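A short write-up of the structure that comes next.
Letters A, B, ... mirror the listed sequences (proteins, then strands); counts begin at 1. From a predicted model like this one, the values you see are computed outputs, not experimental measurements.
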2 protein chains.
Amino acid sequence: MGESPRRGRMNLGILCFIPAREMETRVLKAVAAAGFDDITLAQGRVLQRIGWEGTRMTDLAEQARVTKQTATFLIGQLERAGYVERVPDPSDARARLVRIAARGRAALEVAMEAEAEVEAEWMRHLGRRDADRLRRILTRLREITDPYQ
Amino acid sequence: MGESPRRGRMNLGILCFIPAREMETRVLKAVAAAGFDDITLAQGRVLQRIGWEGTRMTDLAEQARVTKQTATFLIGQLERAGYVERVPDPSDARARLVRIAARGRAALEVAMEAEAEVEAEWMRHLGRRDADRLRRILTRLREITDPYQ
DNA sequence: TGACGATGGACAGATTATCGAACTAAATTA
DNA sequence: TAATTTAGTTCGATAATCTGTCCATCGTCA
């Protein structure tokens with residue numbers, strides 16, 4: 001252990017990766033512990049990006065950073081497990097809106113709770129000022145790193 | 001497009017995920033463009049975590065957040081492709097050190113260059129002060145989110 | 001209006017990634 | 001020395017992802 005890193009300043013990408021991964025696994029674990037133990041990490045990534053009013057497959061794929069095909073596959077799984085449902089998009093006959101079903105809503109509530117708990121932990125460690133700064137800076141960084149918005 | 005997010009404050013995990021993913025894909029693309037087009041994303045994640053003096057499989061797995069089995073699999077791929085080599089660890093006959101081979105070093109140089117370019121882009125957008133803050137805060141956050149260190 | 005390119009989505013097949021279980025060999029501990 | 005732990009591998013199963021292809025619908029422009 002204690003392997004010295006290859007370079008002094010660690011890559012900002014990895015520095016972002018570490019907490020992102022931690023949050024993902026913590027939330028997934030909490031959700032599984034609450035009985036929703038058939039959700040996988042990849043499914044969860046897509047699930048948490050569905051808006052309350054429903055979201056299109058394409059948008060979902062873009063936001064979760066996967067191809068349309070992968071999104072189709074994952075949403076198929078989630079649909080069969082009762083977490084989401086696909087309804088026609090009234091504004092475009094080609095499109096279908098993915099909406100959160102009852103079971104999905106229940107799982108998301110657990111997820112959001114776990115999320116908040118982890119964030120609170122982080123805030124305790126960082127202090128309020130830096131936690132706020134972190135959120136603000138990341139939100140600004142998103143302007144140039146998120147093709148979706 | 002323009003789907004309104006489910007909640008006003010976006011989850012810090014996702015906010016970290018977005019730039020992390022962006023950096024990964026940008027770097028991978030640059031590396032592929034330089035001729036190292038047989039490296040996959042998962043392989044790259046492991047590859048970039050190998051220290052100059054070599055790193056043990058177990059440490060590598062922990063840092064990349066995958067199981068030992070997955071690390072063995074990915075390092076096997078990288079070894080066959082000439083990016084790394086496995087040498088016995090002089091201090092422990094059970095262990096093997098994964099070291100970067102010539103081809104891997106060449107690829108990593110391209111990767112680091114791309115990395116620096118993306119970071120520079122981010123710094124231009126955020127400004128020096130916030131970019132420094134971001135790195136500092138993420139480094140501190142790592143203290144409680146990185147089981148490896 | 002109607003032909004045509006673009007878009008939203010699905011299916012099929014192949015490849016890659018990942019995990020759990022079981023195993024070997026070496027180190028550590030009792 | 002026997003029992004336990006640790007480092008790493010192999011095997012088999014499953015999950016995730018991509019490429020290519022296809023179909024239906026939408027928008028646009030001649």
Side-chain angles (χ1 to χ4, degrees), chain A residues 1-3 17 21 24-25 28-29 32 37-47 49-50 54-81 83-99 147-148, chain B residues 1-3 17 21 24-25 28-29 32 37-47 49-50 54-81 83-99 147-148:
Chain A
M1 259 153 287
E3 182 62 49
F17 176 87
R21 193 66 177 249
E24 276 182 344
T25 53
L28 188 69
K29 199 187 247 179
D37 56 354
D38 54 345
I39 301 183
T40 67
L41 188 56
Q43 284 169 20
R45 278 187 197 135
V46 175
L47 183 58
R49 283 167 172 85
I50 302 173
T55 305
R56 285 196 190 173
M57 292 295 312
T58 307
D59 295 338
L60 227 38
E62 263 186 51
Q63 288 181 70
R65 306 284 216 143
V66 297
T67 58
K68 287 189 304 177
Q69 293 90 323
T70 300
T72 298
F73 172 78
L74 293 171
I75 290 297
Q77 308 262 3
L78 287 168
E79 191 176 35
R80 276 190 292 284
Y83 290 105
V84 305
E85 55 189 0
R86 273 184 275 214
V87 299
D89 183 340
S91 71
D92 188 334
R94 295 169 300 178
R96 302 171 78 181
L97 289 178
V98 180
R99 282 202 312 213
Y148 172 75
Chain B
M1 258 153 289
E3 182 64 49
F17 176 85
R21 193 65 179 249
E24 276 182 344
T25 54
L28 189 69
K29 198 188 248 180
D37 56 355
D38 53 345
I39 302 182
T40 67
L41 188 56
Q43 285 169 21
R45 280 188 195 131
V46 175
L47 183 58
R49 284 169 171 84
I50 302 172
T55 305
R56 283 196 189 174
M57 291 296 311
T58 306
D59 295 337
L60 227 39
E62 265 185 49
Q63 288 181 68
R65 305 284 218 142
V66 296
T67 58
K68 286 190 303 175
Q69 294 94 314
T70 300
T72 298
F73 172 77
L74 294 171
I75 290 297
Q77 308 264 1
L78 287 168
E79 190 176 36
R80 275 190 293 284
Y83 290 104
V84 306
E85 54 188 0
R86 274 184 274 214
V87 299
D89 183 341
S91 73
D92 188 334
R94 294 170 301 178
R96 303 171 78 180
L97 289 177
V98 179
R99 281 202 314 212
Y148 172 74

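How far CD of B:Q69 is from CE of B:M57: 10.0 Å, rounded to the nearest 0.5 Å. To the nearest 0.5 Å, atom CZ of residue A:R96 and atom OG1 of residue A:T72 are 9.0 Å apart. Rounding to the nearest 0.5 Å places CD of A:Q77 at 11.5 Å from CD1 of A:I39. One finds the CZ atom of A:R21 at 6.0 Å from the CG atom of A:L41 (value rounded to the nearest 0.5 Å). Rounded to the nearest 0.5 angstrom, B:T70 OG1 and B:L60 CG are separated by 12.0 Å.
Distance CD (B:Q63) to C1' (D:dA7): 16 Å, rounded to an integer number of Å. In this structure, B:L97 places its CG atom 12 Å from C1' of D:dA7, rounding to the nearest Å. Separating the CG atom of A:L28 from the P atom of D:dA16 is a distance of 10 Å, rounded to the nearest angstrom. A:I39 places its CD1 atom 15 Å from the C1' atom of D:dA15, with the value rounded to the nearest Å. With rounding to whole Å, B:R96 atom CZ is found 13 Å from C:dT24 atom C1'. Nucleotide D:dA15 holds its P atom 13 Å from the CG atom of A:D37, rounded to whole Å. Taking atom CZ of residue B:R80 and atom P of nucleotide D:dT9, one finds them 11 Å apart after rounding to whole Å. Whole-Å rounding puts the B:R56 CZ to C:dA25 P distance at 19 Å.
Proximity of B:Y83 to B:Q43: side-chain heavy atoms (C-beta onward) are nowhere separated by under 4.5 Å. With a 4.5 Å cut-off on side-chain heavy atoms, B:R99 and B:V84 do not count as touching.
Remark: B:R65 CZ is packed, more than 12 non-hydrogen atoms of other residues, nucleotides or ligands lying under 6.0 Å away.
Dashed line: the shortest gap from a side-chain N or O of A:T40 to OP1 or OP2 of D:dA16 is under 4.0 Å. The shortest distance between the side-chain N/O atoms of B:R86 and the OP1/OP2 oxygens of D:dT9 is below 4.0 Å. Between A:R45 and D:dA16 there is no side-chain N or O to OP1 or OP2 distance below 4.0 Å.
With hydrogens and angles ignored, the 3.5 Å screen pairs a side-chain donor or acceptor of B:E79 with a backbone N or O of B:R86. A donor-acceptor pair under 3.5 Å is formed between the side chain of A:R49 and the backbone N or O of A:R45.
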Listing time: all N or O pairs from protein to nucleotides 22-26 of chain D that are below 3.5 Å?
{"from": "D:dT25", "atom 1": "O2", "to": "A:R94", "atom 2": "NH1", "distance (Å)": "3.3"}
{"from": "D:dC26", "atom 1": "OP1", "to": "A:A93", "atom 2": "N", "distance (Å)": "3.0"}
{"from": "D:dC26", "atom 1": "O4'", "to": "A:R94", "atom 2": "NE", "distance (Å)": "3.4"}

The test is side chain to side chain contact (heavy atoms under 4.5 Å, CB included); show your working for A:R56 and A:D92 and say whether it passes. CA-CA 10 Å; A:R56 285 196 190 173; A:D92 188 334; 3.6 Å; yes

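Of the residues in residues 64-75 of chain A, those placing a heavy atom less than 4.0 Å from an atom of DNA chain C are A:K68, A:Q69, A:T72, in numerical order.
Taken over five-pair windows at either terminus, the axes of the helix from C:dT1-D:dA30 to C:dA30-D:dT1 are inclined to one another by 30° (rounded to 10 degrees).
Among B:L47, B:D59, B:V46, B:I75, the single residue meeting the side-chain contact (heavy atoms from CB on, under 4.5 Å) criterion with B:V98 is B:I75.
Annotation: of the two residues near DNA chain D, B:T58 and A:L41, the 5′-most nearest-nucleotide partner is B:T58.
Comparing D:dA16, C:dT18, C:dG8 against the side chain of A:Q43 picks out D:dA16 as the nearest.
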